[in-house]
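Only one structure is covered here, and it is reproduced in the block below.
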There are 2 protein chains.
Amino acid sequence: MTDSLWPSGMKRTKQRAAVLDILEHADIPLSAMEIHARVGHGDTPVWLSTVYRILELFTEKGVVIKTTVLDGDMAYYERNRHAHHHYAVCVDCHKIVAVNNCPMAEFEPKLSDDAFRVMGHRVEMYGYCRDCDKRNNITDKDV
Amino acid sequence: MTDSLWPSGMKRTKQRAAVLDILEHADIPLSAMEIHARVGHGDTPVWLSTVYRILELFTEKGVVIKTTVLDGDMAYYERNRHAHHHYAVCVDCHKIVAVNNCPMAEFEPKLSDDAFRVMGHRVEMYGYCRDCDKRNNITDKDV
DNA sequence: ATTACTGCAAAGCATTTGCAGACTG
DNA sequence: CAGTCTGCAAATGCTTTGCAGTAAT
């Protein structure tokens, strides 16, 4: 990554560049441990706690977005591309699929406390991905 | 709670009744530790790990719904009243406010992988509640 | 009486923190 | 060179698990 693209306000270290590179090339949100694993395969090993610190910094700077899915066992991080989108999550294999439109576009929420100032939102769909749906149907038939 | 209302398929113990009672009278989702604290004030103290086991059972049986909000630091549980609703969460004090309508009602998601079978969804709004909004405005003026 | 449930203690797992040495600007 | 960042280890906090005694059906 060239210097001109480096987010301002933070030192450019090998570790940060490596983590950002992973996120830059990922098309789905990744957990800290997945990022750590992928970085490990490169030529710049990065300690897991450092990955967490970098992700925290990136989140603060708005470079990445931190999310959780399902029961929220762990956090996922994705490059902030300033594109508004949501995800569908497979409840079976936990695969994440992108949703390209947004139900909130023309929505006027009816809040119990109407003094609440809504700043943002998050939508998550859950169900079965192609593979798990297929596998489950076959299993059902076999039983 | 009378026996006729007790969810079938599980023994009726003091501990379970106490936890269900808390959830029955709560109008917002509670964390395991909040439930534990509230139970502690009653005449049936329940060990925290037992609260977790009870909540796990209740979730399995569909008696309660397990959720996470914001970054998903911890899980929240609410009585499953089979009413479809969502929540708005204050990003400052984490207070939870109910939303009484649903943006997904007439929504057709455009999925990247159209073989995905959507079974359910979750919508979360975030922003500032009345109190935090007010407090922040005052603070801004003072600076 | 049999089986399931709870108290209690200890482990588990993702994440955070403290510190000294290493690196960036 | 000064200040920040990283490797490493140890701690933290929510949650889960193992086991033996207790309670429900």
Side-chain angles (χ1 to χ4, degrees), chain A residues 1-22 29-40 42-61 63-77 94, chain B residues 1-22 29-40 42-61 63-77 94:
Chain A
M1 172 172 286
T2 63
D3 284 354
S4 62
L5 289 179
W6 188 257
S8 66
M10 49 187 171
K11 287 190 177 176
R12 189 185 192 291
T13 68
K14 282 186 295 195
Q15 292 85 343
R16 291 175 182 184
V19 169
L20 187 55
D21 189 59
I22 301 287
L30 300 174
S31 70
M33 332 213 32
E34 285 166 343
I35 293 167
H36 177 243
R38 295 194 185 191
V39 163
D43 46 2
T44 307
V46 182
W47 206 253
L48 181 58
S49 56
T50 302
V51 171
Y52 276 108
R53 271 190 281 229
I54 291 173
L55 290 171
E56 190 190 357
L57 175 73
F58 282 0
T59 303
E60 251 170 44
K61 297 286 181 186
V63 173
V64 307
I65 293 171
K66 183 179 181 182
T67 336
T68 52
V69 294
L70 294 170
D71 287 349
D73 283 352
M74 66 171 77
Y76 290 82
Y77 302 82
H94 293 197
Chain B
M1 170 171 288
T2 63
D3 284 355
S4 61
L5 288 178
W6 188 257
S8 66
M10 49 187 169
K11 287 191 177 172
R12 190 185 191 291
T13 67
K14 284 185 293 197
Q15 292 85 343
R16 290 174 182 183
V19 169
L20 188 54
D21 189 59
I22 301 287
L30 300 173
S31 70
M33 329 211 37
E34 285 166 343
I35 293 167
H36 177 243
R38 295 193 184 194
V39 164
D43 47 1
T44 307
V46 182
W47 207 255
L48 180 57
S49 57
T50 302
V51 171
Y52 276 108
R53 272 190 280 229
I54 291 173
L55 290 172
E56 190 189 358
L57 175 73
F58 282 0
T59 304
E60 253 171 41
K61 298 285 182 186
V63 173
V64 306
I65 294 171
K66 183 180 181 182
T67 336
T68 52
V69 294
L70 294 172
D71 287 350
D73 284 352
M74 64 171 77
Y76 290 82
Y77 302 82
H94 292 198

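Below, read A as the first sequence line, B as the second, and so on, with proteins coming before strands; counting in each chain starts at 1. When reading the values below, keep in mind they use all heavy atoms of this one structure, side chains included, and skip hydrogens, waters and symmetry mates. Remember, predicted model here, so these are calculated numbers, not experimental data.
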Whole-Å distance between [N] [atom2] and [X] [atom1]?
X: F58(B); N: dT15(D); atom1: CZ; atom2: C1'; value: 18 Å
X: K14(A); N: dA22(C); atom1: NZ; atom2: P; value: 13 Å
X: R12(B); N: dA23(D); atom1: CZ; atom2: C1'; value: 14 Å
X: I54(B); N: dA4(C); atom1: CD1; atom2: P; value: 17 Å
X: W47(A); N: dC23(C); atom1: CH2; atom2: P; value: 16 Å
X: L55(B); N: dC14(D); atom1: CG; atom2: P; value: 15 Å
X: L48(B); N: dT15(D); atom1: CG; atom2: C1'; value: 8 Å
X: K61(B); N: dC5(C); atom1: NZ; atom2: C1'; value: 14 Å

Quiz prompt | Under 4.0 angstrom between Q15(A) side-chain N/O and dG7(D) OP1 or OP2 | solution = yes
Among [options], which nucleotide has an atom closest to any side-chain atom of [X]?
X: Y52(B); options: dT17(D), dT15(C), dT15(D); answer: dT15(D)
X: S49(A); options: dT6(D), dT16(D), dT16(C); answer: dT16(C)
X: R53(B); options: dT15(C), dT17(C), dT17(D); answer: dT17(D)
X: T50(A); options: dT15(D), dG7(D), dA14(C); answer: dG7(D)
X: K11(B); options: dT25(D), dG25(C), dC14(D); answer: dT25(D)
X: A32(A); options: dT15(D), dT15(C), dG7(D); answer: dT15(C)
X: T13(B); options: dC5(C), dC14(D), dG7(D); answer: dC5(C)

Quiz item: How about K66(A) and F58(A): do any of their side-chain heavy atoms sit closer than 4.5 Å?
Solution: no
Quiz item: Under a 4.5 Å cut-off applied to non-hydrogen side-chain atoms, are K11(B) and W6(B) in contact?
Solution: no
Quiz item: How would you label the contact of M33(B) with the nucleic acid (heavy atoms, under 4.0 Å): base, sugar-phosphate, or nothing?
Solution: sugar-phosphate
Quiz item: Between H36(A) and V46(A), is there a donor-acceptor pair closer than 3.5 Å when you use the side chain of the first and the backbone of the second?
Solution: yes
Quiz prompt | Test side chain to side chain contact (heavy atoms under 4.5 Å, CB included) applied to V19(B) and V64(B), I54(B), T13(B), L57(B), the passing residue | solution = I54(B)
Practice problem: Any chance you could measure I35(A), atom CD1, to L20(A), atom CG, to the nearest 0.5 Å? | Solution: 10.0 Å
